[in-house]
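Comments concern the structure below.
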Amino acid sequence: MSNTMNFLKRIFLVDILKGLAVTFRYTFKSVYTEQYPKEKPKLAERYKGAPRLNNDPETGETLCIACDLCAQICPEDLIVVGSQRDPESRKKVLTHYTFDTSRCLFCGLCQEVCPTNAIELTQDFELATYSRSSMLWDRERLEKGWDRIEFGKNYHK
Amino acid sequence: MIENLIIYFLIPFIKIGAIVLILSGAIAYLTLLERKLIAHIQVRLGPMRVGWHGLLQPIADGLKFVLKEDIVPSKADALIFTLAPMISLIPAFVVFSVVPFGPPGMFEGLLRGILSRFLESASVERIVSNPIASGGFVTDINIAVLFVLSVSSVGILGVILGGWASNSKYPLLGALRSSAQMVSYEVAMGFAIISVLLYAGSLSLVEIVQQQQAGGWWYFFIQPVAFFLLLVCGMAETNRLPFDLPEAETELVGGFHTEYSGFRFSLFFLAEYANMITVSALAVTLFWGGWLPPFPNVPWLGFLGIIPPVAWFLIKVFLILYLFIWVRGTLPRFRFDQLMNYGWKVFLPIALGHVILYAAILAI
Amino acid sequence: MNTLEESTVLDTKVLEMNMGPQHPSTHGVLRVKLKLDGEKVVDAECIIGYLHRGIEKISENRSYIECVPYYDRTDYIAAVANVYGFLLGVEKMMGIEVPERGRYIRIMMVEFNRIASHLLWLATHAIDIGAMTVFLYCFREREEILKLFEALFGARLTTHAFRVGGLWKDLPPGFEQAAHKFLDEFPARVDEYEQLLTHNRIWLARTKGIGVISGKEAIQWGLTGPPLRGSGVDYDLRKARPYGGYEEFEFDVPLGENGDTYDRYVARIEEMRQSRLIIQQVLKRLPGGPVRGKAPKIVKPPAGEYYSGTESPRGELGYYIVSDGSAQPFRVKIRPPTFIGLQALRRLVKGHLMADVIAIIGTLDIVLGEVDR
Amino acid sequence: MSKEDKTQPPSESGGEKSQESDSPESQPSSQAGESQEKKAKSSAKPAEAAKSAKTAKPSSSAAAKEKTDKPPAKPARPAKKKAPTYEDLVDDPLLESLQKKFSEGILSGQSFLDQATYTISLEVLHDVLLHLRDDADSDYDYLIDLTALDYLGDEKRFCVVYHLYSHQKKTLIRLRCAVAEGESVPSATSVWRTADWMEREVFDLFGIDFSGHPDLKRILLPDDWHGYPLRKDYDIKLQDQVWIKEHLQIRKTPE
């Protein structure tokens with residue numbers, strides 16, 4: 001009995017028709033696509049994207065205490081922290097800070113070790129540029145963010 | 001004299017021009033249709049950027065093809081390499097000269113209206129009464145089916161030559177595959193059509209449709225197996241999935257057109273889609289009653305006649321094309337030897353048996 | 001099935017053909033030098049190394065903590081499972097305890113990764129054989145998993161998922177609901193793939209009897225994971241040498257019988273279902289508490305060696321960690337399942353047709369990042 | 001799909017145990033990790049050591065010798081731990097049988113974190129491998145991994161390491177074999193097919209020759225590569241700069 005059934009199923013292409021039914025059902029279902037540059041995806045809060053050097057929101061001064069932890073933990077050694085000892089207060093003061101995004105693994109170790117949450121990987125993910133040198137972010141760029149400084153906000157229109 | 005000129009030159013030329021134009025446009029938008037449909041099957045959107053929902057995409061693609069650099073590989077046989085796409089494309093269009101998209105006398109009113117301004121009524125009647133002039137087809141020859149089969153097999157030459165002339169290994173394998181595949185499926189397809197011919201008793205496509213009208217039944221209802229065979233073989237002939245072995249991109253990169261780029265590639269591309277339309281039109285003419293509405297002789301379905309015959313024809317062609325695309329979005333691909341096995345060991349015997357069966361039935 | 005053993009009447013010249021390194025179906029930059037008689041494969045030689053980045057050498061110059069993100073990049077499809085194996089080894093050597101919640105979440109994420117990896121495998125395997133729609137369906141489901149990864153780890157592919165001693169952060173709010181939602185919908189989706197493939201005659205024709213290897217031979221060739229289990233050898237490290245707490249969960253190890261492409265396919269499909277069961281058990285029993293144990297800031301395992309084998313989605317993934325007591329590993333040898341499994345390609349494709357080469361490459365589920373390291 | 005409801009809580013003590021959470025109160029040598037625990041059954045000492053490793057004081061080296069510029073780790077660790085060490089294998093049947101057969105060839109049998117390591121001299125290596133595969137008592141049918149270590153400065157510089165597994169006994173062992181530079185190791189390809197690429201990789205990255213290998217050539221690196229990268233004296237930076245100078249002409253090679 002089941003043999004005949006199987007034979008009939010084979011003759012009448014039941015296996016193929018089942019597949020066709022699946023694809024037919026989907027033809028009129030809603031689509032999954034995101035229209036990327038038009039609709040920007042909502043990234044998770046923890047997303048490890050473009051780096052940012054945070055300033056104290058009240059005073060506007062940098063949060064970085066130039067402790068050099070991020071530079072040491074970085075697997076690619078791509079962070080360079082320059083500091084100077086303030087002759088009066090004997091405190092380390094940040095002079096420059098570079099972050100080479102071209103080599104970054106976006107592993108997030110730097111933001112993890114940072115004691116003051118100064119270096120942070122943000123949800124900004126559009127890092128493509130036209131030259132290698134522009135992937136070397138200096139302090140100014142790290143503090144202001146990428147888009148705002150290079151192209152203006154309308155670059156991805 | 002002038003009447004003959006009009007009947008045999010002017011009107012056919014206009015019709016041919018219209019068909020070439022319409023067909024080219026149809027092909028262009030068939031690609032869009034395919035991309036859109038497959039996209040929706042796959043929960044995607046497909047082309048969206050050029051025009052509203054990508055409506056201008058085919059034009060953009062066409063422009064891109066034309067503007068792209070036309071590369072002839074240095075080791076390729078340049079003459080054949082350049083000829084092959086044309087050999088492939090032209091037959092696909094030629095076939096349409098015998099496919100009827102409307103009934104005889106379709107343009108009667110139109111012709112009468114136009115010609116009566118220039119000619120006297122006697123010659124107008126002469127022209128109008130000529131089926132070639134007023135019919136919904138370019139020409140109606142009494143060996144139309146044979147013509148279709150023979151011309152469409154010329155197109156395969158283009159594929160083989162293109163693969164051969166590229167002087168590259170992937171195209172060569174693609175060409176080998178396609179030559180074997182087309183030969184084997186052509187046979188089964190021929191037999192599938194023969195059983196229709198036996199029933200209709202004519203080789204003219206117009207006649208076959210008229211027979212279906214007279215009988216009241218589309219041949220699909222009489223010979224569904226033959227229709228299925230024609231459809232499958234048509235998929236194989238046009239290199240559609242699951243039979244797209246000559247160009248199986250995951251195996252042969254691009255198959256016979258691997259080395260082609262720009263305009264020449266677009267000719268192959270056009271040919272493939274033109275063939276799709278041809279096969280669909282042929283299937284519609286032979287099995288789905290061409291321009292006829294469903295069940296033409298059932299009186300209470302008479303309201304279906306409101307839709308003009310050409311529209312019926314186009315709707316049916318569209319449905320078959322939809323089936324083609326739908327199948328492409330569903331099935332995996334056969335392997336080369338399995339394809340041949342199916343062709344020779346399954347489809348050919350079925351087709352042969354089918355012909356014999358119908359011959360026997362008709363003889364009784 | 002037909003392996004084309006019939007003798008050829010005509011003598012034909014052997015055609016040498018390079019498949020890859022740029023070829024749509026070699027899953028990266030694998031180059032296979034095929035010797036073809038017509039379309040029949042006489043011999044196949046794999047040429048690899050196009051993606052070699054010297055990750056083992058890099059590891060020798062990094063601290064244990066800094067090594068971890070690099071192992072994301074060996075098998076980037078199963079990055080979570082890769083990091084997991086290494087960290088288990090380090091933690092074992094140092095005697096670090098991971099809190100229960102951390103352990104559970106790790107197992108859950110590794111199993112999610114297994115599903116995601118198998119989905120990608122199914123997608124590419126199907127499209128290699130021509131079923132292009134399954135590809136997109138699988139990617140849709142995988143996307144959901146990647147979103148979970150993004151929410152928890154902050155990255156989608158190279159996640160840098162775990163840290164020594166546990167996880168970076170606890171589950172974000174809403175994670176469990178999202179996971180439940182995915183798991184509830186998932187079986188129906190798998191059924192759809194199966195409707196499209198499992199009983200389809202073309203799929204059967206393309207996969208049954210292709211690349212057959214017996215269990216004994218598979219062991220000889222060092223195959224692990226689904227390729228080995230497809231041949232009926234019950235060897236799943238989660239059961240054979242349990243690690244990380246897998247013995248607390250109930251699941252089956254699907255086995256094949258014939259050792260052909262189809263059995264490997266079925267084994268992987270079933271594995272996805274089993275992974276789902278494991279995740280559901282985890283979610284049900286997920287305890288509270290911290291996710292990261294007490295671990296020293298500088299990771300210095302004592303001098304010694306340890307082989308930490310885990311069951312990655314592709315098979316046995318081993319990290320042979322040799323420590324000299326310093327903060328940098330003396331040597332980390334990665335035992336990549338697909339590097340070793342890929343050797344068997346030569347054996348598997350012989351006598352098959354060219355189209356089967358693609359099916360067999362697909363069934364081995366190679367990731368070139370891992371093969372070349 | 002109804003199986004998900006059947007999840008039972010694990011048995012009280014045995015199930016809770018896992019590799020990294022051996023709590024001191026849970027009994028040693030449960031059925032948890034079969035491969036490791038099996039050895040623990042055969043000799044009580046390593047298991048004892050493993051247990052004490054969890055309970056003893058923390059490895060002083062880990063916490064104390066930190067770089068000065070990093071903040072110190074939390075000093076208070078509740079459980080005192082002892083760093084695991086190599087223990088000589090006692091009452092190990094495999095070691096005894098090997099020593100019986102290859103008396104001098106077997107140099108030592110040790111265990112570290114419950115993984116048995118047998119050190120074997122190069123002369124008997126191939127015979128030992130064959131014995132391990134074919135002998136019914138051992139039956140190591142699966143070569144997990146084959147690699148090498150470079151102890152630069154030692155008399156016998158390299159150490160070839162084999163990881164074997166027996167599907168029947170479900171045990172994992174490690175073989176070590178010291179090899180001097182220039183010595184060639186008998187190939188294991190005739191014992192396990194899977195050794196083929198592993199040996200090529202070792203040859204490629206360490207430059208150790210395997211005699212009897214069917215096709216010993218570079219596998220991961222290009223054929224014209226100079227040097228053997230995983231050797232400890234391989235200068236990555238110099239190589240890099242030479243390459244950059246040659247191909248990109250943007251940097252000077254240091255003198």
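None of these values were measured; they are calculated from a predicted model.
- Contact of C:L87 with chain D is not made at all, since no heavy-atom distance falls under 4.5 Å.
- Between C:R273 and C:D191 there is a salt bridge, since a side-chain N of the basic residue sits under 4.0 Å from a carboxylate O of the acidic one.
- Only the side chain of C:E316 comes within contact range of chain D, with at least one heavy atom under 4.5 Å from a heavy atom of that chain.
- Between C:R373 and D:E201 there is a salt bridge, with a side-chain nitrogen of the basic residue lying less than 4.0 Å from a carboxylate oxygen of the acidic one.
- When each of C:G304, C:G318, C:S326, C:A344 is scored by its heavy-atom pairs under 4.5 Å with chain D, the top score falls to C:G304.
- Only the side chain of D:R133 has a heavy atom closer than 4.5 Å to any heavy atom of chain C.
- No part of C:F251 comes within reach of chain D, as not one of its non-hydrogen atoms sits under 4.5 angstrom from that chain.
- If you tally non-hydrogen atom pairs under 4.5 Å between each of C:P99, C:G309, C:G54, C:A303 and chain D, the highest count goes to C:A303.
- Side chains of D:E199 and D:L146 form a contact here, defined as non-hydrogen atoms less than 4.5 Å apart.
- A donor and an acceptor atom, one from each side chain of C:Y50 and C:R31, are located under 3.5 Å apart.
- One side chain, C:Y235 or C:R241, offers a donor N or O that lies under 3.5 Å from an acceptor on the other.
- Contact of D:R231 with chain C is made through the backbone alone, with heavy-atom distances under 4.5 Å.
- Chosen from D:D145, D:D141, D:I144, D:L143, the residue pairing most often with chain C at heavy-atom distances under 4.5 Å is D:I144.
- Residues D:Y165 and D:H163 place their aromatic rings such that the two centres sit no closer than 6.0 Å.
- Contact annotation for C:I278: neither backbone nor side-chain heavy atoms come within less than 4.5 Å of a heavy atom of chain D.
- Interface remark: of the candidates C:Q343, C:M93, C:K57, C:Q343 forms the most heavy-atom pairs closer than 4.5 Å to chain D.
- With a threshold of 4.5 angstrom between heavy atoms, C:N61 approaches chain D through side-chain atoms but not through N, CA, C or O.
- Contact of C:A327 with chain D is not made at all, since no heavy-atom distance falls under 4.5 Å.
- Contact annotation for D:V191: only backbone heavy atoms (N, CA, C, O) come within less than 4.5 Å of a heavy atom of chain C.
- Between D:K232 and C:E60 a salt bridge is recorded (basic side-chain N to carboxylate O distance below 4.0 Å).
- Taking the six-membered ring for Trp and the full ring otherwise, the centers of C:Y306 and D:F112 sit at least 6.0 Å from each other.
- Using a 4.5 Å heavy-atom threshold, the side chains of D:D150 and D:Y228 count as separate.
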Open item on the list: With ring pair (Phe, Tyr, Trp, His ring centres under 6.0 Å) as the criterion, how do C:F249 and C:Y104 come out once you've worked through the C-alpha distance, each side chain's angles and the decisive distance to 0.1 Å?
Closed with: CA-CA 10 Å; C:F249 301 102; C:Y104 274 45; 5.3 Å; yes
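- Residue with the most contacts toward chain D among C:K216, C:H52, C:R335: C:R335 (heavy-atom pairs, distance under 4.5 Å).
- Contacts between D:L230 and chain C at a heavy-atom distance below 4.5 Å involve backbone atoms as well as side-chain atoms.
- Heavy atoms of C:T224 lying under 4.5 Å from chain D belong exclusively to its side chain.
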